[in-house]
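Report on the structure given below.
Sequence lines set the chain letters: A, B, ... in the order given, protein chains first and strands last, and positions in each chain run from 1. Here the structure is a predicted model, which means the values were calculated and not measured. Values below: all heavy atoms of this structure, side chains included; hydrogens, waters and symmetry mates excluded.
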Amino acid sequence: AQSVTQPDIHITVSEGASLELRCNYSYGATPYLFWYVQSPGQGLQLLLKYFSGDTLVQGIKGFEAEFKRSQSSFNLRKPSVHWSDAAEYFCAVGLYNQGGKLIFGQGTELSVKP
Amino acid sequence: DTEVTQTPKHLVMGMTNKKSLKCEQHMGHRAMYWYKQKAKKPPELMFVYSYEKLSINESVPSRFSPECPNSSLLNLHLHALQPEDSALYLCASSQVPPGAGETYFGPGTRLLVL
(Lines give C-alpha, C1' and ligand atoms only; values in the text may rest on other atoms or scores of the structure.)
Protein backbone atom coordinates (compact mmCIF):
# COMPACT_ATOMS: atom_id res chain seq x y z
CA ALA A 1 0.00 0.00 0.00
CA GLN A 2 1.08 3.53 -0.65
CA SER A 3 2.31 5.48 2.34
CA VAL A 4 4.37 8.49 3.34
CA THR A 5 6.46 8.68 6.48
CA GLN A 6 7.77 11.83 8.09
CA PRO A 7 9.93 10.56 10.95
CA ASP A 8 10.19 13.87 12.80
CA ILE A 9 7.01 15.10 14.48
CA HIS A 10 8.58 18.32 15.73
CA ILE A 11 11.83 20.09 14.88
CA THR A 12 13.26 23.26 16.40
CA VAL A 13 15.99 25.23 14.64
CA SER A 14 17.58 28.60 15.28
CA GLU A 15 16.90 31.44 12.91
CA GLY A 16 19.56 31.49 10.22
CA ALA A 17 20.41 27.82 10.66
CA SER A 18 19.95 25.25 7.92
CA LEU A 19 16.96 22.93 7.82
CA GLU A 20 16.29 19.43 6.55
CA LEU A 21 12.90 17.75 6.88
CA ARG A 22 12.78 14.06 6.10
CA CYS A 23 10.22 12.22 4.00
CA ASN A 24 10.13 8.58 2.93
CA TYR A 25 7.50 7.09 0.67
CA SER A 26 6.26 3.68 -0.32
CA TYR A 27 4.86 3.48 -3.83
CA GLY A 28 5.22 0.88 -6.56
CA ALA A 29 5.48 3.16 -9.55
CA THR A 30 7.31 6.40 -10.27
CA PRO A 31 5.96 8.76 -7.64
CA TYR A 32 4.67 12.25 -7.97
CA LEU A 33 5.94 13.96 -4.81
CA PHE A 34 5.02 17.22 -3.15
CA TRP A 35 5.86 19.33 -0.13
CA TYR A 36 3.16 21.57 1.33
CA VAL A 37 3.31 24.09 4.18
CA GLN A 38 0.42 24.96 6.47
CA SER A 39 0.36 27.87 8.88
CA PRO A 40 -2.01 27.60 11.86
CA GLY A 41 -5.65 27.73 10.80
CA GLN A 42 -4.74 28.07 7.13
CA GLY A 43 -4.93 25.97 4.00
CA LEU A 44 -2.00 24.20 2.40
CA GLN A 45 0.49 26.06 0.21
CA LEU A 46 2.48 24.11 -2.36
CA LEU A 47 6.23 24.56 -1.83
CA LEU A 48 7.55 22.33 -4.60
CA LYS A 49 6.92 19.21 -6.62
CA TYR A 50 8.77 16.36 -8.30
CA PHE A 51 7.32 14.63 -11.33
CA SER A 52 10.37 13.51 -13.31
CA GLY A 53 13.73 14.71 -14.57
CA ASP A 54 16.20 16.57 -12.41
CA THR A 55 16.13 15.02 -8.94
CA LEU A 56 16.93 18.32 -7.23
CA VAL A 57 13.91 20.59 -7.41
CA GLN A 58 13.62 24.20 -6.41
CA GLY A 59 10.53 25.68 -4.83
CA ILE A 60 9.19 28.87 -3.40
CA LYS A 61 10.52 30.70 -0.33
CA GLY A 62 14.06 29.36 -0.88
CA PHE A 63 13.19 25.70 -0.34
CA GLU A 64 14.57 22.79 -2.32
CA ALA A 65 14.09 19.04 -2.21
CA GLU A 66 16.03 16.08 -3.51
CA PHE A 67 14.44 12.89 -4.83
CA LYS A 68 16.47 9.77 -4.13
CA ARG A 69 14.87 6.71 -5.67
CA SER A 70 17.33 4.29 -4.04
CA GLN A 71 16.35 5.56 -0.60
CA SER A 72 12.67 6.23 -1.39
CA SER A 73 13.20 9.68 0.03
CA PHE A 74 12.24 13.23 -0.82
CA ASN A 75 13.82 15.44 1.83
CA LEU A 76 13.13 19.16 2.05
CA ARG A 77 15.97 21.60 2.70
CA LYS A 78 16.53 25.29 3.28
CA PRO A 79 19.98 26.81 3.81
CA SER A 80 18.88 29.57 6.20
CA VAL A 81 15.62 29.49 8.12
CA HIS A 82 13.57 32.61 8.81
CA TRP A 83 11.19 33.04 11.75
CA SER A 84 8.29 33.16 9.26
CA ASP A 85 9.07 29.56 8.22
CA ALA A 86 7.56 28.27 11.47
CA ALA A 87 4.63 26.10 10.36
CA GLU A 88 3.52 22.52 9.71
CA TYR A 89 5.13 20.82 6.73
CA PHE A 90 3.52 17.93 4.88
CA CYS A 91 5.09 15.59 2.35
CA ALA A 92 2.66 13.94 -0.06
CA VAL A 93 2.49 11.35 -2.82
CA GLY A 94 0.12 11.94 -5.74
CA LEU A 95 -1.76 8.84 -6.88
CA TYR A 96 -2.55 9.64 -10.48
CA ASN A 97 -4.09 6.23 -11.02
CA GLN A 98 -6.54 7.06 -8.25
CA GLY A 99 -7.99 10.29 -9.50
CA GLY A 100 -5.18 12.47 -8.26
CA LYS A 101 -5.58 11.51 -4.63
CA LEU A 102 -2.84 12.83 -2.34
CA ILE A 103 -1.53 10.67 0.48
CA PHE A 104 0.05 12.82 3.17
CA GLY A 105 2.64 12.10 5.78
CA GLN A 106 1.80 12.90 9.38
CA GLY A 107 3.51 16.26 9.14
CA THR A 108 6.49 17.89 10.80
CA GLU A 109 5.96 20.94 12.98
CA LEU A 110 8.81 23.43 12.62
CA SER A 111 9.59 25.89 15.39
CA VAL A 112 12.19 28.64 14.88
CA LYS A 113 14.18 30.05 17.80
CA PRO A 114 15.27 33.70 17.65
CA ASP B 1 -3.80 33.01 -10.60
CA THR B 2 -3.53 29.86 -8.48
CA GLU B 3 -6.31 30.68 -6.07
CA VAL B 4 -9.00 28.42 -4.70
CA THR B 5 -11.59 30.25 -2.65
CA GLN B 6 -13.86 28.77 0.01
CA THR B 7 -16.85 30.12 1.89
CA PRO B 8 -17.62 30.44 4.69
CA LYS B 9 -14.35 30.61 6.62
CA HIS B 10 -16.04 29.43 9.80
CA LEU B 11 -19.29 27.58 10.39
CA VAL B 12 -21.05 26.53 13.57
CA MET B 13 -24.02 24.23 13.20
CA GLY B 14 -26.25 22.04 15.27
CA MET B 15 -26.76 18.37 14.60
CA THR B 16 -30.15 19.00 12.99
CA ASN B 17 -29.06 21.82 10.71
CA LYS B 18 -28.48 21.75 6.97
CA LYS B 19 -25.63 23.86 5.63
CA SER B 20 -23.41 24.02 2.56
CA LEU B 21 -19.74 24.69 1.99
CA LYS B 22 -18.74 26.36 -1.26
CA CYS B 23 -15.55 26.27 -3.29
CA GLU B 24 -14.53 28.07 -6.48
CA GLN B 25 -11.50 28.04 -8.78
CA HIS B 26 -10.76 29.76 -12.08
CA MET B 27 -7.61 27.92 -13.11
CA GLY B 28 -9.39 25.80 -15.69
CA HIS B 29 -8.87 22.71 -13.58
CA ARG B 30 -11.32 19.88 -14.27
CA ALA B 31 -10.52 17.85 -11.14
CA MET B 32 -11.78 19.08 -7.78
CA TYR B 33 -11.48 17.56 -4.35
CA TRP B 34 -12.81 17.70 -0.81
CA TYR B 35 -10.42 16.86 2.01
CA LYS B 36 -11.12 16.70 5.75
CA GLN B 37 -8.45 17.64 8.27
CA LYS B 38 -8.75 17.01 11.99
CA ALA B 39 -6.56 18.94 14.40
CA LYS B 40 -2.89 17.92 14.36
CA LYS B 41 -3.54 15.42 11.55
CA PRO B 42 -2.88 15.41 7.80
CA PRO B 43 -5.70 16.01 5.32
CA GLU B 44 -7.68 12.97 4.24
CA LEU B 45 -9.47 12.69 0.92
CA MET B 46 -13.27 12.59 0.94
CA PHE B 47 -14.37 13.05 -2.68
CA VAL B 48 -12.94 13.55 -6.17
CA TYR B 49 -14.79 15.12 -9.08
CA SER B 50 -13.43 14.70 -12.58
CA TYR B 51 -15.07 16.63 -15.43
CA GLU B 52 -17.93 17.49 -13.08
CA LYS B 53 -18.66 13.83 -12.32
CA LEU B 54 -18.04 12.14 -8.99
CA SER B 55 -15.19 9.72 -9.55
CA ILE B 56 -14.09 8.82 -6.04
CA ASN B 57 -16.02 8.63 -2.75
CA GLU B 58 -13.77 7.48 0.06
CA SER B 59 -16.62 5.75 1.91
CA VAL B 60 -17.84 9.03 3.32
CA PRO B 61 -21.11 8.94 5.34
CA SER B 62 -24.19 10.06 3.43
CA ARG B 63 -24.65 13.05 5.73
CA PHE B 64 -21.98 14.62 3.49
CA SER B 65 -23.29 15.22 -0.03
CA PRO B 66 -20.99 16.71 -2.68
CA GLU B 67 -22.14 18.58 -5.75
CA CYS B 68 -20.29 20.01 -8.74
CA PRO B 69 -22.63 22.44 -10.54
CA ASN B 70 -20.05 23.44 -13.14
CA SER B 71 -16.34 23.25 -13.86
CA SER B 72 -15.49 26.10 -11.48
CA LEU B 73 -17.70 25.32 -8.50
CA LEU B 74 -17.78 22.59 -5.89
CA ASN B 75 -20.22 22.35 -3.00
CA LEU B 76 -20.42 20.14 0.05
CA HIS B 77 -23.88 19.83 1.55
CA LEU B 78 -24.04 18.96 5.22
CA HIS B 79 -27.00 17.44 7.04
CA ALA B 80 -27.42 15.83 10.44
CA LEU B 81 -23.74 16.01 11.26
CA GLN B 82 -22.17 14.65 14.42
CA PRO B 83 -19.78 16.46 16.78
CA GLU B 84 -16.94 14.25 15.53
CA ASP B 85 -17.41 15.83 12.08
CA SER B 86 -15.94 19.06 13.44
CA ALA B 87 -12.81 19.70 11.36
CA LEU B 88 -11.19 21.88 8.72
CA TYR B 89 -12.69 21.12 5.31
CA LEU B 90 -10.35 21.81 2.45
CA CYS B 91 -11.24 22.16 -1.20
CA ALA B 92 -8.58 21.58 -3.85
CA SER B 93 -8.24 21.49 -7.61
CA SER B 94 -5.83 20.20 -10.23
CA GLN B 95 -5.58 19.15 -13.84
CA VAL B 96 -7.27 15.82 -14.44
CA PRO B 97 -4.76 13.00 -14.02
CA PRO B 98 -2.72 11.63 -15.61
CA GLY B 99 -2.02 15.12 -16.87
CA ALA B 100 0.38 15.69 -14.03
CA GLY B 101 -0.11 18.97 -12.32
CA GLU B 102 -0.01 20.60 -9.00
CA THR B 103 -2.92 20.37 -6.60
CA TYR B 104 -3.91 23.72 -5.16
CA PHE B 105 -5.79 24.05 -1.89
CA GLY B 106 -8.18 26.65 -0.61
CA PRO B 107 -7.93 28.17 2.86
CA GLY B 108 -10.56 25.83 4.24
CA THR B 109 -13.80 26.08 6.18
CA ARG B 110 -13.47 25.45 9.89
CA LEU B 111 -16.59 23.58 10.95
CA LEU B 112 -17.82 23.15 14.51
CA VAL B 113 -20.77 20.83 15.12
CA LEU B 114 -22.53 21.31 18.44
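Connection of A:F74 to A:Y32 is not established within any shared hydrophobic cluster, with ILVMFWY side chains joined at heavy-atom distances below 4.5 Å, either directly or through further cluster members. The hydrophobic cluster containing B:L78 also contains B:V113, counting ILVMFWY residues as joined when their side-chain heavy atoms lie under 4.5 angstrom apart, directly or transitively. When hydrophobic clusters are built by joining Ile, Leu, Val, Met, Phe, Trp and Tyr residues whose side-chain heavy atoms come closer than 4.5 Å, directly or via intermediates, A:F51 is not grouped with A:F67. A:V13 is connected to A:L76 through a chain of hydrophobic side-chain contacts under 4.5 Å among Ile, Leu, Val, Met, Phe, Trp and Tyr, so both are in one cluster. A:L21 and A:V4 fall within the same hydrophobic cluster, defined by Ile, Leu, Val, Met, Phe, Trp and Tyr side-chain heavy atoms under 4.5 Å apart, directly or through other members.
For A:Q38, the part lying near chain B is the side chain, with the backbone staying farther off; criterion is any non-hydrogen pair under 4.5 Å. The parts of A:K101 that come within reach of chain B are both its backbone and its side chain, each placing non-hydrogen atoms under 4.5 angstrom from that chain. Contacts between A:E109 and chain B at a heavy-atom distance below 4.5 Å involve the side chain alone, from C-beta outward. The part of A:L46 that comes within reach of chain B is its side chain, from C-beta onward, which places non-hydrogen atoms under 4.5 angstrom from that chain. Contact annotation for B:T103: both backbone and side-chain heavy atoms come within less than 4.5 Å of a heavy atom of chain A. With a 4.5 angstrom heavy-atom cutoff, A:I9 does not touch chain B via any of its atoms.
Most heavy-atom pairs under 4.5 Å with chain B: of the set A:G105, A:A92, A:G94, this distinction falls to A:G105.
Taking CD of B:E102 as the start and CG of A:L47 as the end, the distance is 12.5 Å to the nearest 0.5 Å.
For B:Y33, there are no ring pair (Phe, Tyr, Trp, His ring centres under 6.0 Å) partners, not counting sequence neighbours.
Across all non-hydrogen atoms, the minimal contact from B:F105 to A:L44 is CB-O, 3.6 Å.
Residues of residues 34-46 of chain B lying under 4.5 angstrom from chain A, judged on non-hydrogen atoms, are B:Y35, B:Q37, B:K40, B:K41, B:P42, B:P43, B:L45 in numerical order.
By the neighbour-count criterion of 12 heavy atoms within 6.0 Å, atom NE2 of A:H10 is densely surrounded, having more than that number from other residues, nucleotides or ligands.
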